[in-house]
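The structure under discussion appears below in the form of structure tokens.
The figures that follow rest on heavy atoms only: side chains count, while hydrogens, waters and symmetry mates do not. In this text the structure is predicted, and so the values were computed from the model without any measurement. Remember, it's 1-based here, ligands and their atoms both numbered in the order they're listed.
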Amino acid sequence: MIKTDVVIIGAGPVGLFAVHQLGINGLKSEVIDNLDKAGGQCIELYPDKPIYDIPGIPICTGEELTKNLLNQIKPFKSNFHFNERVQEISEENNKWIVKTNKNKIFIAPNIIIAGGVGSFEPRKLSVKEAEKHEGKSILYSVSDKSKFKGKKVSIFGGGDSALDWALELSKISRVTLIHRRDEFRGASHTAKEITKLANAGKLALKTKYQLVSIEGDKNIKSITIKNDEEKTVKIETDYILSFFGLIMKLGPIAEWGLNIDKKTILVNTENFETNKKGIFAIGDICTYPGKLKLILSGFHETALASVECFKRAKPNEKYKFQFTTSSKEIQERLGIKTK
Ligand SMILES: Cc1cc2nc3c(=O)[nH]c(=O)nc-3n(C[C@H](O)[C@H](O)[C@H](O)COP(=O)(O)OP(=O)(O)OC[C@H]3O[C@@H](n4cnc5c(N)ncnc54)[C@H](O)[C@@H]3O)c2cc1C
């Protein structure tokens with residue numbers, strides 16, 4: 001069981017800044033996200049797009065903002081638990097127990113839900129044999145590419161992830177790239193590289209094909225695909241990598257007894273607490289009169305929620321309002337050497 005002051009659900013921009021605001025107040029936090037990396041919508045939906053309304057930063061991309069936030073919270077050494085969805089919460093002696101789908105358990109007086117539009121989940125393969133192979137030989141993201149060395153890998157999708165991994169793995173595996181259309185959605189220069197590799201026989205390309213079935217009991221042996229003319233092809237396969245994009249689901253958050261209004265959580269604007277003591281909601285997932293779904297609103301909500309988290313985590317200490325420019329205590333927490 002991991003003990004901490006605050007469990008943060010969601011590593012989007014707002015969840016990341018929560019680590020900072022809690023950290024400067026002397027609170028420890030653990031961050032859980034269903035995705036394999038930090039950044040939420042900024043990284044998943046618009047990493048290269050410019051943002052123009054972050055105070056003090058005239059322009060930065062979604063990726064740059066994420067990198068800067070990660071840099072800013074380095075001093076607090078928070079642990080990140082990626083690829084884990086928070087599934088259940090329960091109360092015990094005025095503390096919250098938080099359980100993930102991988103059975104990791106946390107205990108804390110506070111939970112901050114910074115879950116955005118819900119957890120991003122991969123769109124799964126729809127053939128019935130897929131489920132038993134998921135997480136073993138059917139994967140929706142890659143954490144360790146070495147397992148594909150010398151293996152036969154069938155990659156599905158036509159976006160950047162599918163193209164990038166087809167290029168990368170073609171160096172170490174026997175790759176077949178399968179896409180239901182003729183054109184790719186991914187970057188045109190990557191698509192050109194793929195065609196070049198296919199023409200050179202270094203990668204097999206099957207466009208206008210879709211998955212029909214998966215053969216093999218314990219391990220996958222082959223897959224069958226078919227095209228628009230109903231022509232079927234069997235392909236020997238050890239691993240399937242499927243990149244059909246992400247869907248957003250409010251998921252388990254909807255079942256925690258919180259006051260929900262149109263897939264968002266109602267909070268008070270004094271401290272962004274929900275109807276449950278010690279559970280806060282900030283960023284896109286919270287709602288209140290006048291709420292704007294902007295990153296800067298989320299940052300403000302974070303600051304106020306962290307004050308209330310302090311009071312619950314350290315009931316015997318008095319909260320002190322301090323400026324970062326002049327507080328030696330905060331500067332020490334930030335690792336800044338003061339005279
Ligand atoms: C194309 C586009 C352009 C935008 N441009 C701007 C702009 O210019 N300026 C601006 O201010 N805003 C902009 N936004 C909005 C901005 O991106 C959001 O306001 C911001 O991302 C909200 O941050 P967040 O941290 O609340 O949520 P998110 O970024 O949505 O992150 C939430 C995270 O929580 C995780 N999560 C959810 N539920 C669970 C669970 N149960 N377990 C584990 N993890 C979970 C998700 O996987 C996700 O990573 C834009 C949005 C889009 C789509």
Find all atoms of ligand 1 within a distance of less than 4.0 Å from any non-hydrogen atom belonging to E84, and give their numbers and elements.
43 (C)
Element-labelled atoms of ligand 1 that are located less than 4.0 Å from some non-hydrogen atom of L35:
47 (O), 49 (O)
Check each heavy atom of L45 against ligand 1 and say whether those closer than 4.0 Å belong to the side chain, the backbone, both or neither.
side chain
K74 and N71: side-chain donor and acceptor closer than 3.5 Å?
yes
Run the numbers for me: atoms of ligand 1, each under 4.0 Å from some heavy atom of V117, listed by number.
30 (O)
Candidate with minimal heavy-atom separation from atom 53 (C) of ligand 1, of E301, Q41, K293, K37:
Q41
To atom 41 (N) of ligand 1, the nearest of N34, I32, V86 on a heavy-atom basis is V86
From atom 32 (C) of ligand 1, work out which of G298, A114, C286, G40 has a heavy atom at the shortest distance.
A114
Does one side chain, of Q21 or S306, offer a donor that lies under 3.5 Å from an acceptor on the other?
no
Do E88 and S90 pair up side chain to side chain, a donor and an acceptor below 3.5 Å, judged on atom types alone?
no
Out of all atoms in ligand 1, which are within 4.0 Å of some heavy atom of L294? Include the element for each.
10 (C), 11 (O), 19 (O)
What part of D53, side chain from CB on, backbone N/CA/C/O, both or neither, has a heavy atom under 4.0 Å from ligand 1?
side chain
Would you say the side chains of T224 and T232 form a donor-acceptor pair under 3.5 Å?
no
Compare Y46, W256, F82 and give the one whose heavy atom is closest to atom 15 (C) of ligand 1.
Y46
With a cut-off of 4.0 Å, which atoms of ligand 1 are near a heavy atom of G283?
26 (O)
Counting heavy atoms only, which of P13, P252, G12 comes nearest to atom 23 (O) of ligand 1?
P13
Pair E30, N79: side-chain N/O donor-acceptor within cut-off below 3.5 Å:
yes
At a 4.0 Å threshold, what atoms of ligand 1 neighbour a non-hydrogen atom of G10?
33 (C), 34 (O), 35 (C)
If I apply the N/O under 3.5 Å rule, does D284 come out as touching ligand 1?
yes
Look only at interatomic distance and state if Y52 has a nitrogen or oxygen under 3.5 Å from any nitrogen or oxygen of ligand 1.
no
Using atom types as modelled and distance alone, determine if a side-chain donor or acceptor of N275 lies under 3.5 Å from a backbone N or O of N259.
yes
Using distance alone, determine whether I295 and ligand 1 share an N or O pair under 3.5 Å.
yes
Residue portion contacting ligand 1 (non-hydrogen atoms closer than 4.0 Å) for T100:
neither
So for R85 against ligand 1, with non-hydrogen atoms under 4.0 Å, the contacting part is both
Distance filter under 4.0 Å to I51 heavy atoms, resulting ligand 1 atoms:
7 (C), 8 (O), 9 (N)
Run the numbers on E63 and K37 for salt bridge (charged side-chain N to carboxylate O under 4.0 Å, His left out), then give the verdict.
CA-CA 11 Å; E63 186 175 6; K37 53 188 167 311; over 6 Å; no
K276 vs W256 side-chain heavy atoms within contact, under 4.5 Å:
no
Can you find an N/O atom of V14 closer than 3.5 Å to an N/O atom of ligand 1?
yes
